[in-house]
Amino acid sequence: MDKKTSIMIVDDEEIIRESFLHWFEKLGHRVEAASSGLEALEKLEKSPLEVLFVDIKMPGMDGIELLGKVKEEYPETIVVIITAYGSIETAVKAMKMGATDYLLKPFKPEQLSLVLEKIAHQRKLISEYEYVKGRLDEITRFDNIIGQSPPMQKVFDLIPEVAQSDSSVLLVGETGTGKELVAKAIHAKSDRSHLPFIAINCGAIPDTLLESELFGHQKGAFTGATHPRKGFIEVVSGGTLFLDEIGEISPKMQIDLLRVLEEKKITRIGDRQPMDVDFRLISATRRDLEKEVTERLFREDFFYRINVITIHIPPLRRRKGDIPLLVHHFLQKYSHETIKRVDRVSRDTMELLKSYDWPGNVRELENAIERAVVLSKSRTLGKGDFAFLRTAPSHVTKPRSLRDMEKSYVQQILEDCDWNVTKASKILAINRVTLHKMIKRLNLKRP
Amino acid sequence: MTSKKTRIGLVPIGEVPQITSKSVAAHIIGYLDLDVDILPALDHPSYAHNRKRLQYDAGAILKAMESEPFHGHAKLIGVLDVDLYVPIFTHVFGEAKQGGRCALVSVHRLKKNTDGSSAPRSLQLERAAKVALHELGHLFDLHHCMDAKCLMHFSGDLVDLDKTPLYFCRYCSVFLGDALKKLAIVD
């Protein structure tokens, strides 16, 4: 067994505990001792341990019962059963319940060495498995979309179907719902999976720069264009282009992209020679583009071109049943990244997390778990670790009446317009007289 | 503060052949470059006898040794010819508390071969020396070593013990050197 393994000896006989302690000290391990099953569980709650040597015959909770509880709560902890009164039945029972080995006291020193070698081998296999699993998760990403709720199952069902076609896909969902993960999953399941996947956040790039980023430019095309540069549409060649926040692009850019999608050709800025391109487009938006089309804020022809298939990604508050799964996933992720063993959330804390509405969706939940794991001093996250959620703007407030909603909305618009009734009435799409009546009826007052 | 050579006290417990004590002392002097004094023998440790196991409790003997005067010896090593045990193990060849002051070496199980025949005298002495140096290593806070070619590698049986060389690996040698220097300065 390698150095610095954390071990606990659970035995009601002090002499046995001491004997084990002295032995493991000689091996350089971190050793603790507990005289009962309850004490062992209390110690495990406070700090994680890798290996437990448990005596079967103890007053109160016996070794078999402790083994069951440990394997239920801390399945990764290795348990070796030790006893002075062995029977084949108990040995078989212990092994069936997940014990790694079974030692009869007193045992030959070399028997303990063999058990330690076996544990070292088991731990090596586990860590190798964890590493490979982590790498696979990174590669496929599909596994990172967590959810068992019916709305997410619909999304999961759609992904492989959509991936097989080459049609443009529009992902609609609030910020933080995992639109990019779904886009990556579609790419990973498609025939283009061995080719590039490029994601661009259209909302984060100014329009002029976006044009050059997408189409590329020739040398001297504009001030500062000292070298020719390939655009992302050229670079993605054969792969998938993911345009996030597509609703933010200008009407001019909508026309340019529409042409590219129809003709499958692009022309670098400053060049005259068009070149053929081949890519699959996946777009995403948090806005209601259909409404914007009817309001002529978004081009209808472009909308239908990018919207051959629509996938609606539900906000987290519509799939609260997935919160425990997500919480455990992020706990595992951040315990691993921060090398801190924080792997549980108390029951009342889970209820708190389920009652919160998560306006920032999965991203907000992930950030909250990361913050809690980094700052936590215990292995179990409690309500106190999420105290910051209570102060955050949320939807956890009591259900409000339509009148309350109307009042706060109108108040907000009036304040935004510095109580200029003409301006506010235009935004609210009502006439000034109606707004004046509304101010009186709702008892709104300028602060 | 001047550094001086660390002195080890070797205590025969009960009846132990003189040559065994002398051989163990010679190995400690030779391999660790320490001064060793062979001290007057202590009585047979009948107080540590366990009637159920028909063996002697190593922990009880160590405890009794701790109460003996040290007379300027940094560590005491007891040599005896009884079958030793610790509660979890069927037997031990020697025993020492990590970083402690006293250690034990039993020659009882070192006299036989695995097939039950008597081992040659030279091999018995070599085995006793290995166990003594290993236990002394623990007294100087050395842990068990992963390197099978090191005296600090754990030997559970005679086959393993015979395979163990009579020297420390280079890492354990460095740690041992550090511990000895520290002890010499403190003394």
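Everything quoted here is computed from the prediction, not taken from an experiment. What's counted below: heavy atoms across the whole structure, side chains too, no hydrogens, waters or symmetry copies. Numbers restart at 1 for each chain; the letters A, B, ... are given by sequence-line order, proteins then strands.
In the displayed structure, A:Phe330 atom CZ is contacted under 6.0 Å by more than 12 heavy atoms of other residues, nucleotides or ligands.
Contact of the B:Leu76 side chain with the B:Val11 side chain is registered, since non-hydrogen atoms from C-beta on lie closer than 4.5 Å. Looking at A:Lys26 and B:Leu142, their side chains never come closer than 4.5 Å, going by heavy atoms from C-beta outward.
With chain A as partner, the option from B:Asp141, B:Val86, B:Val92, B:Asp157 having the largest number of non-hydrogen pairs under 4.5 angstrom is B:Asp157. Looking only at heavy-atom pairs under 4.5 Å with chain A, the residue among B:Ala58, B:Ser155, B:Ala96 that has the most is B:Ala96. For the set A:Glu18, A:Glu13, A:His22, A:Lys105, the count of heavy-atom pairs under 4.5 angstrom toward chain B peaks at A:His22.
For A:Phe20 and A:His29, the distance between ring centers is not under 6.0 angstrom.
Relative ring orientation between A:Phe53 and A:Phe24 is described as tilted, the plane-to-plane angle lying within the 30° to 60° band.
Residue B:Phe89 touches chain A through both its backbone and its side chain, counting heavy-atom pairs closer than 4.5 Å. Using a 4.5 Å cut-off between heavy atoms, B:His91 contacts chain A through both its backbone and its side chain. Heavy atoms closer than 4.5 Å to chain B are found in the side chain of A:Leu112, but not in its backbone.
With 3.5 Å as the limit, one finds a donor-acceptor pair spanning the side chains of B:His138 and B:His144. Side-chain contact check for A:Tyr334 and A:Arg371: no donor-acceptor pair (N or O, by modelled atom type) lies under 3.5 Å. Between the side chains of B:Gln55 and B:Asp83, at least one donor N or O sits under 3.5 Å from an acceptor N or O.
Across all their heavy atoms, B:Pro87 and A:Pro106 have their closest contact at O-CB, 3.8 Å.
Residues of residues 61-70 of chain A never come closer than 4.5 Å to chain B when only heavy atoms are counted.
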